[in-house]
Amino acid sequence: MTYPSGQLDGRVALVTGAGRGIGQEIALELARRGASIVVHYSGSEAGALDTVAQIEAFGGTAAVQQADVSIRSDVIKMFEAIDHMHSRLDIVVNSAGVSGGGGLAELDEWQLEWMLGVNLCGPLFVASEAATRLGDGGRIINLSSSLAEYPMAGAGVYSATKAAVKSFTESWSRELGKRGVTVNTVIPGATSPGMMDSAPEGAFEFFKSASPFDRVGRAGEIAAVVAFLASAEASWVSGAHILANGAANT
Ligand SMILES: NC(=O)c1ccc[n+]([C@@H]2O[C@H](COP(=O)([O-])OP(=O)(O)OC[C@H]3O[C@@H](n4cnc5c(N)ncnc54)[C@H](OP(=O)(O)O)[C@@H]3O)[C@@H](O)[C@H]2O)c1
């Protein structure tokens, strides 16, 4: 594949959850297009260092930053560290996210707090810091899920957090549009590598057969949509939700 390299030259992008899965592919894709990447991770330090190594191997620039996005003080510290590293911030991708399940009768409060913390408070804390730093041409790209479009039995909390992300996108796009910043959602269907790989047995076949392409998505295919939204070509796309799920009906 050839990349429109240079498209994001001079831009600085923060990608959360970039030590593995979809976030890692997004970091690599934005770097291939010329952006300097802040590779965020929470627990996957080795993965984050691998992302940096892969970026440096093709001549890009990247550095790691650790934070638990569900803890606001952690997020603030991360942005202060970014301020010391870079004089600007152009693109913020909220990819970090967690999934869990359980039927109504098995509601686990710890899991509820964890999912609300990472999936709902996380993007909010990150965007709140980004809001004061992003300028004209800035981008916020939030990752939702096709399970917000097609909620499944037993995954209600995950779906609700991912539906909330779409609501954030619409509100923030109206707030930050005044400053020339676009805010959009990418909605992946089942995607590998990513959280889909640790889904219960049978899930892979289920999601594969839900798409007329008879496969699940590739993380690079999600990264390509994010890269479009990050580009100058997407300057008039804001408050939008782009479904990237191979026409799956779930
Ligand atoms: N893969 C799919 O099938 C799929 C489908 C629809 C939507 N999505 C969405 O796409 C996004 C990326 O998912 P993925 O498939 O790449 O997931 P993944 O492979 O399971 O990775 C989850 C990411 O979230 C980060 N994370 C978890 N808890 C965190 C915390 N407390 N603070 C900061 N970061 C934390 C992890 O960082 P560490 O590893 O460093 O801890 C990791 O990078 C998520 O928002 C997810 O909801 C995925």
Side-chain angles (χ1 to χ4, degrees), residues 14-29 38-52 64-75 77-79 92-101 110-111 113-127 141-152 155 157-166 168-169 185-200 203-204 206-208 210-211 215-223 225-226 241-246 248 250:
L14 164 66
V15 182
T16 69
R20 60 187 167 109
I22 295 173
Q24 184 175 48
E25 282 302 322
I26 293 170
L28 294 171
E29 185 63 32
V38 179
V39 175
H40 159 270
Y41 71 97
S42 175
S44 297
E45 184 178 15
L49 291 171
D50 173 57
T51 310
V52 171
V64 297
Q65 277 297 324
Q66 195 277 339
D68 180 336
V69 295
S70 69
I71 300 173
R72 192 171 187 195
S73 56
D74 253 34
V75 173
K77 265 190 237 150
M78 173 172 73
F79 273 86
V92 172
V93 183
N94 276 312
S95 185
V98 289
S99 71
W110 181 87
Q111 198 170 75
E113 202 175 312
W114 173 63
M115 291 176 71
L116 292 175
V118 179
N119 292 359
L120 200 139
C121 296
L124 179 62
F125 294 156
V126 168
I141 300 155
N142 296 319
L143 274 279
S144 177
S145 168
S146 58
L147 289 180
E149 312 300 302
Y150 310 103
M152 287 171 62
V157 175
Y158 178 71
S159 296
T161 60
K162 290 297 171 178
V165 163
K166 291 174 63 187
F168 279 154
T169 288
T185 316
V186 176
I187 309 175
T191 305
S192 180
M195 56 176 58
M196 142 102 247
D197 300 328
S198 54
F204 186 84
F206 171 80
F207 285 115
K208 182 174 164 256
S211 166
R215 65 172 176 86
V216 300
R218 301 175 185 114
E221 291 171 319
I222 305 305
V225 181
V226 171
H241 313 299
I242 301 186
L243 190 58
N245 76 336
T250 189

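Whatever order the structure lists ligands and atoms in, that order sets their numbers, starting from 1. Only this structure's heavy atoms are used, side chains among them; waters, hydrogens and symmetry mates stay out.
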Ignoring hydrogens, just give me the one of [options] whose non-hydrogen atom is nearest [atom].
atom                    : options             : answer
atom 22 (C) of ligand 1 : S70, G122, G97, G21 : G97
atom 5 (C) of ligand 1  : G194, G189, A199    : G189
atom 26 (N) of ligand 1 : P188, A96, A244     : A96
atom 15 (O) of ligand 1 : M195, M78, H40      : M195
atom 2 (C) of ligand 1  : N119, D74, T191     : T191
atom 27 (C) of ligand 1 : V98, V15, I22       : V98
atom 42 (C) of ligand 1 : M115, R20, Q66      : R20

Going by the order shown, which atoms of ligand 1 are within less than 4.0 Å of some heavy atom of [X]?
X   : result
Y41 : 40 (O)
S44 : 38 (P), 39 (O), 40 (O), 41 (O)
G17 : 43 (O)

Can you tell me if [X] contacts ligand 1 (heavy atom of the residue under 4.0 Å from the ligand)?
X    : value
S144 : yes
D68  : yes
Q24  : no
S198 : no
Y158 : yes
K162 : yes

(request) Can you pull out the closest protein heavy atom to atom 44 (C) of ligand 1? Residue, atom name and distance to 0.1 Å, please. (result) S95 O, 3.0 Å
(request) Name the closest protein heavy atom to atom 41 (O) of ligand 1, giving the residue it belongs to and the distance to 0.1 Å. (result) G43 N, 2.8 Å
(message) Under 3.5 Å between any N/O of V69 and any N/O of ligand 1: does that happen in this structure?
(response)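 Indeed, backbone or side chain, V69 has an N or O that close.
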(message) Tell me whether P193 has any N or O atom under 3.5 angstrom from an N or O of ligand 1.
(response) no
(message) Can you confirm whether the side chains of T16 and H40 place a donor and an acceptor under 3.5 Å from each other?
(response) no
(message) Counting only heavy atoms not in R72 (residues, nucleotides, ligands), do more than 12 fall under 6.0 Å from its CZ?
(response) no
